[in-house]
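All heavy atoms count here, side chains included; hydrogens, waters and symmetry mates do not. Labels below follow one simple rule: chain letters A, B, ... track the order of the sequence lines, proteins then strands, and each chain is numbered from 1.
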Amino acid sequence: MPELPEVETIRRQLAPLVEGRTLEALTVADARWCDPLDPREVEAAVGGRAVRALSRRGKYLTWELAGGVSVACHLRMTGTMLYDPPPDQDPPHARVTFLLEEGHRVVFCDPRRFGTGELLLGSAALEAFHAARLGVEPLSEAFTAAHLRSLARGRRAPVKAFLLDQTKVAGVGNIYADEALFRARIHPLRPAGALRGAQLGALRDAVVAVLEAGIDAGGASIDDFRHADGVQGSFQHAFLVHRRAGEPCPTCGTPIRKLVAAGRGTYVCERCQPVPRRRSR
DNA sequence: AGGTCGGCCTGGCAGC
DNA sequence: TGCTGCCAGGCCGACC
């Protein structure tokens, strides 16, 4: 599912293809995408505007257009943004088409229809949108160990839930949370506020490391994720624990266990990631 | 206030 | 074999 590295992979691929060109038309085939706005309203607001930038913040991919008009897209679980798919017919599950100059197009496909597009009028609206729902950008200089400590202080929620909270750290999802916690040797059910400074420092470093590794691998394709050209990412082959229940821990050989944390399937090595007090399970 | 949980949605797969 | 039903999960809103 598209998390920060997957969205960044798409952004890096599409940006040079769309920036500086004109978005001649937007076609919204599924009204749910921009609900509660009427698709015609969104189409009219963006059609004919030059693409100033294709940017990313957290898991949002945003078309920044002339006149301060933006469309912030979220791919959720199963969304992809395909560039110039075969022209004779729409690809499966096509929901929105961004028509560019000379017949080029970007098609948003989404089997589960969870993906969304938000129309934002004015740069202040885009900033307010980000500020309201997104915390620190983990690949920015602002994401320091001290910052993570201040975010975690006093929090009793499991550290996995804390990592998945986009208003704290933006862009980490289920895959990268599991991988970061394993690398930092922290059990996902430990309360975030109970972690010592050194552990939060290790977690900060691990989050950065797994996100960068994910980007280097072109993201992870475990469900429907594809690059803009339809190619799969490869980070799923580099998972150390995620989706590897029963396989040996790459560090100590203990079988990896699957449990539920923050309502999500969660993979741990309970030897390398000591279980919080009480007993296992 | 802050944490937990159900609903959204559909492809894929377990189970019969 | 074919059908049913359950599960995955990011995010939001409802609840405690």
Side-chain angles (χ1 to χ4, degrees), chain A residues 1-10 28-37 56-62 72-81 90-96 108-118 120 128-135 137-138 150-181 188-195 207 211 214 219-226 232 235-236 239 241-246 257-268 276:
Chain A
M1 49 233 69
E3 303 180 25
L4 188 154
E6 287 73 31
V7 179
E8 179 63 18
T9 295
I10 290 177
V28 181
D30 182 351
R32 186 181 298 275
W33 179 72
C34 57
D35 182 74
L37 291 187
R56 181 196 58 75
R57 178 79 168 85
K59 302 175 193 173
Y60 283 92
L61 183 68
T62 300
C73 303
H74 199 303
L75 307 184
R76 299 286 178 120
M77 311 280 303
T78 54
T80 53
M81 289 269 186
D90 278 339
H93 311 294
R95 299 179 62 207
V96 177
F108 175 61
C109 301
D110 186 11
R112 287 186 208 173
R113 302 174 63 209
F114 277 9
T116 56
E118 297 245 4
L120 298 159
F129 178 80
H130 287 157
R133 62 194 74 207
L134 299 175
E137 189 65 31
S150 72
L151 289 173
R153 188 165 299 132
R155 306 259 310 181
R156 278 174 292 183
V159 61
K160 170 116 182 206
F162 171 78
L163 279 179
L164 294 179
D165 183 346
Q166 301 299 297
T167 69
K168 301 298 185 297
V169 180
V172 177
N174 205 31
I175 294 170
Y176 294 91
D178 280 0
E179 294 294 306
L181 288 167
L189 293 178
R190 294 280 307 278
L195 297 173
V207 166
L211 293 177
S221 293
I222 53 180
D223 284 324
D224 305 78
F225 177 71
R226 296 291 185 277
Q232 295 194 357
F235 195 62
Q236 67 277 13
F239 291 170
V241 291
H242 188 74
R243 299 218 175 190
R244 295 202 183 280
R257 291 188 56 180
K258 180 181 182 183
L259 48 87
V260 175
R264 302 289 179 281
T266 299
Y267 299 83
V268 297

Closest-nucleotide 5' rank along DNA chain B - winner of A:Arg264 and A:Arg155: A:Arg155
Distance check needed: [N] [atom2] versus [X] [atom1], whole Å only.
| X | N | atom1 | atom2 | result |
| --- | --- | --- | --- | --- |
| A:Phe225 | C:dG10 | CZ | C1' | 16 Å |
| A:Asp165 | B:dA1 | CG | C1' | 13 Å |
| A:Lys168 | B:dG2 | NZ | P | 8 Å |
| A:Arg226 | B:dG11 | CZ | C1' | 13 Å |
| A:His242 | C:dA8 | NE2 | C1' | 10 Å |
| A:Arg153 | B:dA1 | CZ | P | 20 Å |
| A:Leu164 | B:dG3 | CG | P | 13 Å |
| A:Arg112 | C:dC6 | CZ | C1' | 12 Å |

Shortest side-chain distance from A:Arg243, nucleotide among C:dG9, B:dT4, B:dT10: C:dG9
Nearest-neighbour nucleotide for the A:His93 side chain, C:dC11, B:dT4, B:dG11 considered: B:dG11
Sugar-phosphate, base or nothing in reach of A:Lys258, heavy atoms under 4.0 Å: sugar-phosphate
Touch class at under 4.0 angstrom, heavy-atom based, for A:Arg76 against every strand present: base
Carboxylate-amine/guanidinium proximity below 4.0 Å for A:Asp30 and A:Arg113: yes
Contacts of A:Tyr60 that satisfy ring pair (Phe, Tyr, Trp, His ring centres under 6.0 Å) - sequence neighbours left out: A:His74, A:Phe129
Crowding at CZ, A:Arg133 (>12 non-hydrogen neighbours, <6.0 Å): yes
CZ-CD distance between A:Phe225 and A:Glu3, expressed to the nearest 0.5 angstrom: 10.5 Å
Which residue lies more 5' along DNA chain C, comparing A:Arg133 with A:Phe114 via nearest heavy atoms: A:Phe114
A:Gln236: side-chain hydrogen bond (donor to acceptor under 3.5 Å, both in side chains) partners, not counting sequence neighbours: none
side-chain N/O A:His74 vs C:dC11 OP1/OP2, d < 4.0 Å: yes
Side-chain N,O (A:Gln166) to OP1/OP2 (C:dG10) below 4.0 Å: no
